[in-house]
Amino acid sequence: MNHAQYWLMKSEPSVFSIEDLKNASKQTAPWDGVRNYQARNFMRQMQIGDLVLFYHSNCDVPGVVGIAQVSRLAYPDYTAWDPLSHYYDPKSTSDNPRWDMVDVQFVTKFEKTLSLKSLYHYPELQDLPLIRKGNRLSVMPVTASQWHFMISLCK
DNA sequence: GCCAACGTTGGC
DNA sequence: GCCAACGTTGGC
């Protein structure tokens with residue numbers, strides 16, 4: 001793997017959890033439903049093999065729960081075309097798709113959740129968008145040093 | 001369930 | 001292009 005990039009992606013576990021990814025066919029699933037341009041643009045920058053911190057939001061203990069890797073480059077999010085989908089967006093058409101997604105594959109689940117609350121304590125992570133006040137970005141880049149620091153916290 | 005922060009929409 | 005209104009996110 002050459003020059004993998006690092007990312008963090010949020011999901012509500014009641015909708016799609018790391019367990020769901022682990023149990024999915026080929027332990028792989030499309031990261032659908034992103035409806036934010038900045039987040040979409042980050043997904044367009046992803047490469048096969050990029051590593052992803054899987055984050056659980058809107059739950060008892062919000063935090064990083066494991067690792068996934070990008071297994072397919074960005075392609076149109078077809079849930080935007082499905083009128084019955086929660087993610088339906090009539091402004092996205094197959095001729096001119098507005099939203100993209102990537103596929104991610106399960107890598108590992110941490111024994112303990114790396115809680116958001118604990119992450120606030122570390123100056124090493126002060127520039128991580130996740131812990132900036134009011135940040136709601138659901139897909140964000142993580143620097144190599146931030147990545148290695150967070151991984152070291154899991155040991 | 002509350003609500004602060006933020007993004008998007010659309011009238012003008 | 002401004003900006004008020006509105007909808008969503010997501011921690012608490």
Side-chain angles (χ1 to χ4, degrees), chain A residues 5-24 29-46 50-70 72-143 145-147 149-154:
Chain A
Q5 305 171 98
Y6 303 105
W7 308 94
L8 181 147
M9 299 172 87
K10 297 179 184 173
S11 183
E12 299 188 26
S14 63
V15 177
F16 187 78
S17 70
I18 192 152
E19 284 294 327
D20 294 330
L21 182 61
K22 185 179 182 181
N23 295 329
W31 200 272
D32 60 12
V34 171
R35 296 293 178 268
N36 170 282
Y37 289 105
Q38 201 178 354
R40 180 202 67 182
N41 292 343
F42 283 133
M43 287 198 294
R44 288 180 172 176
Q45 295 173 31
M46 291 180 182
D50 279 3
L51 293 168
V52 176
L53 293 169
F54 197 122
Y55 180 91
H56 279 177
S57 64
N58 246 315
C59 54
D60 283 351
V61 183
V64 178
V65 292
I67 298 173
Q69 65 179 341
V70 176
R72 181 175 170 183
L73 298 178
Y75 61 106
D77 181 346
Y78 45 73
T79 64
W81 304 331
D82 176 3
L84 299 181
S85 169
H86 177 66
Y87 302 122
Y88 179 56
D89 180 357
K91 290 174 182 167
S92 182
T93 63
S94 50
D95 283 346
N96 187 19
R98 173 177 291 206
W99 304 114
D100 279 0
M101 58 189 175
V102 295
D103 285 357
V104 298
Q105 183 169 31
F106 177 81
V107 174
T108 191
K109 181 185 173 187
F110 298 152
E111 286 182 24
K112 272 187 61 178
T113 297
L114 200 49
S115 73
L116 175 65
K117 195 177 173 192
S118 71
L119 295 180
Y120 279 119
H121 296 145
Y122 302 108
E124 290 88 343
L125 302 177
Q126 64 181 355
D127 294 329
L128 189 65
L130 180 72
I131 63 168
R132 285 209 303 261
K133 185 175 161 68
N135 195 280
R136 304 183 314 176
L137 191 59
S138 65
V139 177
M140 68 187 73
V142 175
T143 67
S145 59
Q146 289 164 347
W147 173 276
F149 180 76
M150 280 191 275
I151 297 303
S152 74
L153 295 175
C154 299

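Just so we're clear, the structure is a prediction, and the values are computed from it rather than from any experiment. Below, chains carry the letters A, B, ... as their sequence lines are ordered, and counting in each starts from 1.
Remark: Tyr120(A) engages no residue in a ring pair (Phe, Tyr, Trp, His ring centres under 6.0 Å) (not counting sequence neighbours). Arg98(A) is linked by a side-chain hydrogen bond (donor to acceptor under 3.5 Å, both in side chains) to Tyr37(A), counting only residues two or more places apart in sequence or in another chain. Take Asp20(A) and apply the side-chain hydrogen bond (donor to acceptor under 3.5 Å, both in side chains) test, not counting sequence neighbours, and it matches Ser17(A). Qualifying side-chain hydrogen bond (donor to acceptor under 3.5 Å, both in side chains) partners for Trp31(A), counting only residues two or more places apart in sequence or in other chains: none. With sequence neighbours excluded, the residues that form a side chain to side chain contact (heavy atoms under 4.5 Å, CB included) with Glu12(A) are Ser14(A), Val15(A), Ser57(A), Asn58(A). In terms of the side-chain hydrogen bond (donor to acceptor under 3.5 Å, both in side chains) criterion, residue partners of Gln146(A) (sequence neighbours excluded) are, by chain and number, Thr143(A).
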Contacts table for residues 77-88 of chain A: side-chain donor-acceptor under 3.5 angstrom, sequence neighbours left out:
unit_1   : atom_1 : unit_2   : atom_2 : d
Asp77(A) : OD1    : Thr79(A) : N      : 2.9
Asp77(A) : OD1    : Thr79(A) : OG1    : 2.5
Asp77(A) : OD2    : Gly33(A) : N      : 2.8
Asp77(A) : OD2    : Arg35(A) : NH1    : 2.9
Asp77(A) : OD2    : Arg35(A) : NH2    : 3.3
Asp77(A) : OD2    : Thr79(A) : OG1    : 3.4
Thr79(A) : OG1    : Arg35(A) : NH2    : 3.0
Trp81(A) : NE1    : Ser92(A) : OG     : 3.3
Trp81(A) : NE1    : Thr93(A) : O      : 3.4
Asp82(A) : OD1    : Leu84(A) : N      : 2.8
Ser85(A) : OG     : Tyr87(A) : N      : 2.9

What donor-acceptor contacts under 3.5 angstrom involve side-chain atoms of residues 126-134 of chain A, with partners at least two apart or in another chain?
none

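Evaluation of the side-chain hydrogen bond (donor to acceptor under 3.5 Å, both in side chains) test over residues 99-119 of chain A, restricted to residues two or more places apart or in two chains, returns Glu19(A)-Lys109(A), Arg44(A)-Asp100(A), Tyr75(A)-Asp103(A), Asp89(A)-Trp99(A), Ser115(A)-Ser118(A).
Put simply, chain A comes within 4.0 Å of DNA chain C, heavy atom to any atom, from dG7(C) to dG11(C), going 5' to 3'.
Nearest heavy atom pair, residue Asp50(A) against residue Gln45(A), reads OD2-O, 4.4 Å.
Proximity of residues 55-64 of chain A to DNA chain C (heavy atom under 4.0 angstrom from any strand atom) is restricted to Tyr55(A), Ser57(A), Asn58(A), Pro62(A). Within residues 110-133 of chain A, the residues approaching DNA chain B are Lys133(A), by heavy-atom distance under 4.0 Å.
With DNA chain B read from its 5' end, the first of the two nearest nucleotides for Asn36(A) and Lys91(A) is the one closest to Asn36(A).
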